[in-house]
Amino acid sequence: MELHTPRLLLRPYREADLAAVHRFASDRRLTEYVEWGPNTLQDSREFLASCLAEEQQAPRLAFTFAVTTDDDGERADGGQAGEPFGSVGLTLNGSGSGSGTAGSAGEVGYVLAADRWGRGYATEAAAAVVGFGFGTLGLNRITATCRPANAASSRVLEKTGMVLEARLPAHKLIRGRWEDSLLYAISPS
């Protein structure tokens with residue numbers, strides 16, 4: 001399954017994506033506000049294997065997409081056009097009408113290579129996944145969290161239409177410290 005936006009192709013991961021995934025997932029700048037990483041090569045292999053395995057689940061409980069573009073040429077980070085430069089996902093966390101999706105809730109997460117920050121790609125990818133969650137999966141609520149110091153991520157979530165609902169104290173263990181999270185949410189309009 002693929003999702004298309006004006007500038008992005010969100011597609012399933014492939015085994016051949018390992019080098020590209022490791023390129024962004026091993027960057028310390030990307031992992032400052034998340035509980036994983038920076039990835040070792042083995043971490044990146046395990047992430048990729050989990051993405052491939054989730055595609056085989058029935059019913060699907062998670063949808064993780066490689067964030068790519070169709071632009072030509074070599075990227076500033078050394079990658080090639082069409083290779084992933086980020087990841088966006090939707091994890092289901094509730095059950096509704098028995099289908100495993102309809103009426104459920106989900107949580108969105110995303111990460112992009114630092115050389116792609118500030119271009120609106122995170123907002124575009126997150127909005128596409130939110131649309132997929134409501135339109136295709138029939139979810140009734142989608143949430144996301146970010147750390148209070150991550151102002152850029154807060155802006156991304158607000159641009160997708162999410163509203164700040166709460167500050168969750170000591171919510172995530174990040175490099176040995178319990179960090180607060182901001183909880184954002186949206187329901188279908």
Side-chain angles (χ1 to χ4, degrees), residues 1-93 100-101 104-117 119-137 139 142-146 152-153 156-157 160 172:
M1 161 184 333
E2 295 180 346
L3 303 178
H4 296 268
T5 74
R7 300 180 299 163
L8 300 175
L9 167 62
L10 308 179
R11 63 163 175 80
Y13 277 102
R14 307 173 188 138
E15 288 184 28
D17 291 332
L18 178 60
V21 166
H22 189 61
R23 193 176 300 112
F24 68 78
S26 62
D27 185 339
R28 192 170 297 282
R29 295 171 293 178
L30 269 65
T31 63
E32 180 178 357
Y33 299 111
V34 296
E35 61 270 29
W36 56 269
N39 279 11
T40 64
L41 185 56
Q42 184 59 32
D43 293 333
S44 295
R45 276 190 191 101
E46 290 170 6
F47 167 76
L48 199 54
S50 72
C51 292
L52 297 173
E54 80 186 16
E55 292 177 37
Q56 305 307 312
Q57 290 180 332
R60 290 280 296 266
L61 303 175
F63 300 83
T64 305
F65 298 95
V67 179
T68 69
T69 63
D70 291 323
D71 56 1
D72 295 325
E74 191 168 304
R75 300 194 337 240
D77 68 356
Q80 296 298 313
E83 286 186 339
F85 60 88
S87 189
V88 61
L90 178 64
T91 303
L92 304 184
N93 54 21
T101 56
S104 298
E107 183 174 4
V108 169
Y110 48 85
V111 62
L112 291 181
D115 71 320
R116 297 296 180 111
W117 291 352
R119 299 184 195 183
Y121 291 133
T123 301
E124 199 170 321
V129 171
V130 166
F132 167 73
F134 290 141
T136 302
L137 299 180
L139 301 181
I142 296 176
T143 62
T145 61
C146 68
S153 194
V156 165
L157 298 172
T160 66
K172 298 276 184 178

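Residues S26 and N39 have side chains that never bring a donor and an acceptor to within less than 3.5 angstrom of each other. A side-chain N or O of E124 and one of T5 form a donor-acceptor pair less than 3.5 Å apart. In this structure, a donor-acceptor pair under 3.5 Å is absent between the side chains of T69 and Y121.
Residue V88 is tested with V111, V130, L10 for a side chain to side chain contact (heavy atoms under 4.5 Å, CB included); the sole match is L10.
Between L30 atom CG and F24 atom CZ the span is 7.5 Å, to the nearest 0.5 Å. Atom-to-atom distance recorded for L48:CG and D43:CG is 12.5 Å, nearest 0.5 angstrom. E107 CD to L90 CG: the interatomic distance, rounded to the nearest 0.5 Å, is 9.0 Å. Atom OG of S104 and atom CG of N93 lie 8.0 Å apart (nearest 0.5 Å).
One N or O on the side chain of T160 and one on the backbone of L157 form a donor-acceptor pair closer than 3.5 Å. Looking at D17, its side chain does come within 3.5 Å of a backbone N or O of R14 through a donor-acceptor pair.
Residues D27 and A114 share a closest heavy-atom pair of OD2-CB, 3.9 Å. Minimum interatomic distance between P84 and A20 (heavy atoms only, all atoms of both residues): O-CB, 3.5 Å. Listed here is the closest heavy atom pair of A125 and L8: N-CD1, 3.9 Å. Between A25 and W36 the shortest heavy-atom distance is O-CZ3, 3.7 Å.
Two rings, from F65 and Y13, have their centers 6.0 Å or more apart.
Contact annotation: the side chain of L9 never approaches that of V67 to less than 4.5 Å [non-hydrogen atoms, C-beta and beyond]. The closest side-chain heavy-atom distance from P12 to E2 is below 4.5 Å. Between L52 and E15, some side-chain heavy-atom pair lies under the 4.5 Å cut-off. In this structure, K172 and T145 have side chains that are in contact, with non-hydrogen atoms separated by less than 4.5 Å. Here the side chains of E55 and F63 are not in contact, with every heavy-atom distance at 4.5 Å or above. The shortest distance between side-chain heavy atoms of F134 and V129 does not fall below 4.5 Å. Between L137 and F132, some side-chain heavy-atom pair lies under the 4.5 Å cut-off. Between R11 and M1, every side-chain heavy-atom pair lies at or beyond the 4.5 Å cut-off.
Qualifying side-chain contact (heavy atoms from CB on, under 4.5 Å) partners for E54, counting only residues two or more places apart in sequence or in other chains: Q57, R60, A62, T64.
By the neighbour-count criterion of 12 heavy atoms within 6.0 Å, atom CD of Q42 is densely surrounded, having more than that number from other residues, nucleotides or ligands.
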Next on the checklist: Using the rule given for side chain to side chain contact (heavy atoms under 4.5 Å, CB included), can you reason through R23 versus F85, listing the C-alpha separation, both sets of side-chain angles and the distance that settles it, and then say yes or no?
Outcome noted: CA-CA 8 Å; R23 193 176 300 112; F85 60 88; over 6 Å; no
